[in-house]
2 protein chains.
Amino acid sequence: MDIVRRNTDYAARLMVHLAKHYGNGPISTRTAAAEEQVPYQLACKLMQKLNNAKLVTSCMGPKGGFVLGAEPSKISLLEVVEVIQGPISMNRCVLNEDACSRKTICTVREKLIDLQKIITKGLAAITLDELTRRGRSNRNTGKRKRIKQ
Amino acid sequence: MDIVRRNTDYAARLMVHLAKHYGNGPISTRTAAAEEQVPYQLACKLMQKLNNAKLVTSCMGPKGGFVLGAEPSKISLLEVVEVIQGPISMNRCVLNEDACSRKTICTVREKLIDLQKIITKGLAAITLDELTRRGRSNRNTGKRKRIKQ
DNA sequence: ATCATATAAGATAATATATGTCTTATATAA
DNA sequence: TTATATAAGACATATATTATCTTATATGAT
């Protein structure tokens, strides 16, 4: 099992798609899902989660869709991960303080906590704008995309 | 989902138990399982896996059991993790090179690879002898309590 | 040789989690 | 008013993880 799960990967793609069109009005889930190769219905659910977490803003009705809730440089991969799959956890004794009575003396736990901090910091350092900048042609065929109107 | 899974935690406890009695002949799974609060039958399966990976050596028959395959200082938590739950993977595009066609230009992938290296190095740095040294009673590392047989 | 005790191995069951689909309701621009 | 979009949650499927059960086999001790 991967630390970053498939649904999170999907959501990240959708977010990056919105980031690429940031400032051009709402993008429909249908469009984003099609372009980023995400199953449409699933994309709807993911967008709902992202919306509830205020990572995106919804605009209902025709010509509606979603807009990023903040500038691409202000949204990190960590936020997407946590919204979609929950917090990163090395072990349940790290996530849940009550899981282990030995927590005050356990040296493993300390080290797992350190590792976990490194992971979350690493993911927090990856922002959406960064992901739009380089190497972000489509996973399709590498065909250039037209600018949305 | 935790990065270090429950079975891995169980296996780690069993290994630490063997480490604590290193040099005193084989320890039966029944004993180790009981002391470390691991379901017995499950412990058997875990020991089998550890045995196949040469992390422990089996001694059949009465007064038999398992012995560590190497000195406690030579066995790391990473080895236990990899034997029981397989390699740590940030994303499938990291584990499986064919998972994404964008891998040569993808900046996220590079960063995920870096993070993954940090995790594996961190786990590799934690050795069994270290885990026996402090935090005396090693029981109850925080998983569901369940004793069988 | 027989027996008691231990591991070996694999089938199977039970759970938990993740992923994907479907239906109905609601908002809104044109 | 209508077409198009999101909202929400039920439902279904797939996969992974954890746990148990059964039978076979090895071996030290009697």
Side-chain angles (χ1 to χ4, degrees), chain A residues 1-11 13-14 18 25-34 37-67 69 81 83-87 89 91-92 95, chain B residues 1-14 18 25-34 37-67 69 81 83-87 89 91-92 95 143-149:
Chain A
M1 179 67 56
D2 307 303
I3 295 173
V4 172
R5 295 203 283 259
R6 186 188 298 173
N7 273 357
T8 304
D9 199 305
Y10 284 160
R13 290 190 219 172
L14 295 170
L18 293 191
I27 304 291
S28 79
T29 301
R30 197 173 294 276
T31 304
Q37 316 241 51
V38 179
Y40 170 66
Q41 297 279 8
L42 192 46
C44 288
K45 301 210 65 147
L46 297 172
M47 293 312 293
Q48 278 174 42
K49 273 197 175 185
L50 295 169
N51 185 37
N52 290 338
K54 309 284 187 193
L55 255 52
V56 298
T57 305
S58 75
C59 313
M60 289 186 97
K63 298 285 176 187
F66 290 91
V67 176
V81 168
V83 165
I84 301 298
Q85 71 183 43
S89 157
N91 201 346
R92 59 192 67 191
L95 188 63
Chain B
M1 176 68 55
D2 306 303
I3 294 173
V4 173
R5 294 204 284 260
R6 185 187 299 171
N7 273 358
T8 304
D9 198 308
Y10 284 158
R13 292 189 218 172
L14 296 170
L18 293 191
I27 305 290
S28 78
T29 301
R30 199 172 293 275
T31 305
Q37 316 241 46
V38 179
Y40 170 66
Q41 296 279 7
L42 192 45
C44 288
K45 301 216 63 147
L46 297 172
M47 293 312 292
Q48 279 174 41
K49 273 196 176 185
L50 295 169
N51 184 38
N52 291 337
K54 310 283 187 196
L55 255 52
V56 298
T57 305
S58 77
C59 313
M60 289 186 96
K63 299 285 176 188
F66 290 91
V67 176
V81 168
V83 165
I84 301 299
Q85 69 183 46
S89 157
N91 201 347
R92 58 192 66 192
L95 188 63
K143 299 308 177 168
R144 181 167 13 133
K145 297 180 185 173
R146 189 96 174 272
I147 309 173
K148 181 75 201 270
Q149 296 179 354

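Each chain gets a letter, A, B and so on, in the order its sequence line appears, and its residues count up from 1. These values consider heavy atoms only, across backbone and side chains, with no hydrogens, waters or symmetry-generated copies.
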Exercise. CZ of A:Arg13 versus P of C:dT19: gap in Å, rounded?
Worked result: 12 Å

Exercise. Closest approach of A:Tyr40 and A:Arg30, non-hydrogen atoms and distance?
Worked result: OH-NH2, 3.4 Å

Exercise. Expressed in angstrom and rounded to an integer, what is the separation of B:Ile3 atom CD1 from D:dT17 atom C1'?
Worked result: 17 Å

Problem set entry | Distance in Å, B:Ile3 CD1 paired with A:Leu95 CG, rounded so as to fall on 0.5 Å steps | 11.0 Å

Seminar exercise, completed: Of D:dA7, C:dT7, D:dT18, the nucleotide closest to the side chain of B:Ser58 is C:dT7

Problem set entry | Below 4.0 Å: OP1/OP2 of D:dA19 and any side-chain N or O of B:Tyr10 | yes

For this session: Starting at atom CG of A:Asn7, determine the distance to atom P of D:dT13, rounded to an integer number of angstrom.
Result: 18 Å

Problem set entry | Shortest non-hydrogen contact from A:Gly64 toward A:Pro26 | C-CB, 3.8 Å

Problem set entry | Rounded distance (Å) that lies between atom P of C:dA16 and atom CZ of A:Arg92 | 11 Å

Problem set entry | Members of residues 43-53 of chain A that approach DNA chain C, where some heavy atom sits under 4.0 Å away | A:Lys45

For this session: Take the protein atom CD1 of A:Ile84 and the nucleotide atom P of C:dT17, then report the distance between them rounded to whole Å.
Result: 18 Å

Problem set entry | A:Asn7 side chain near A:Gln85 side chain, heavy-atom distance below 4.5 Å | no

Problem set entry | Whole-Å distance separating the CG atom of B:Leu14 from the P atom of D:dT18 | 14 Å

Exercise. OG1/A:Thr57 to CZ/A:Phe66 distance, rounded to the nearest 0.5 angstrom?
Worked result: 9.5 Å

For this session: Assign A:Tyr40 to base, sugar-phosphate, or nothing according to its heavy-atom contacts below 4.0 angstrom with the strands shown.
Result: base

Problem set entry | Validation row: B:Leu50, B:Ile84 side chains within 4.5 angstrom (heavy atoms) | yes

For this session: Can you measure from OG1 (B:Thr29) to CG (B:Leu18) and round to the nearest 0.5 angstrom?
Result: 8.0 Å

Problem set entry | Phosphate OP1/OP2 of C:dG20 contacted by A:Arg6 side-chain N/O (<4.0 Å) | yes

For this session: Using a 4.0 Å cut-off on protein heavy atoms (strictly under), produce a 5'-to-3' string for nucleotides 22-30 of chain D with B for base contact, S for backbone-only sugar-phosphate contact, and - for none.
Result: B--BBBB--

For this session: Any chance you could measure B:Asp9, atom CG, to B:Asp2, atom CG, to the nearest 0.5 Å?
Result: 9.0 Å

Seminar exercise, completed: Atom CZ of A:Arg5 and atom P of C:dT17 are separated, to the nearest Å, by 10 Å

For this session: Nearest whole angstrom, please: distance from the C1' of D:dT17 to the CG of B:Asp2.
Result: 12 Å

Exercise. Looking at A:Val83 and A:Ala53, what are the two nearest heavy atoms and their distance?
Worked result: CG2-CB, 3.4 Å

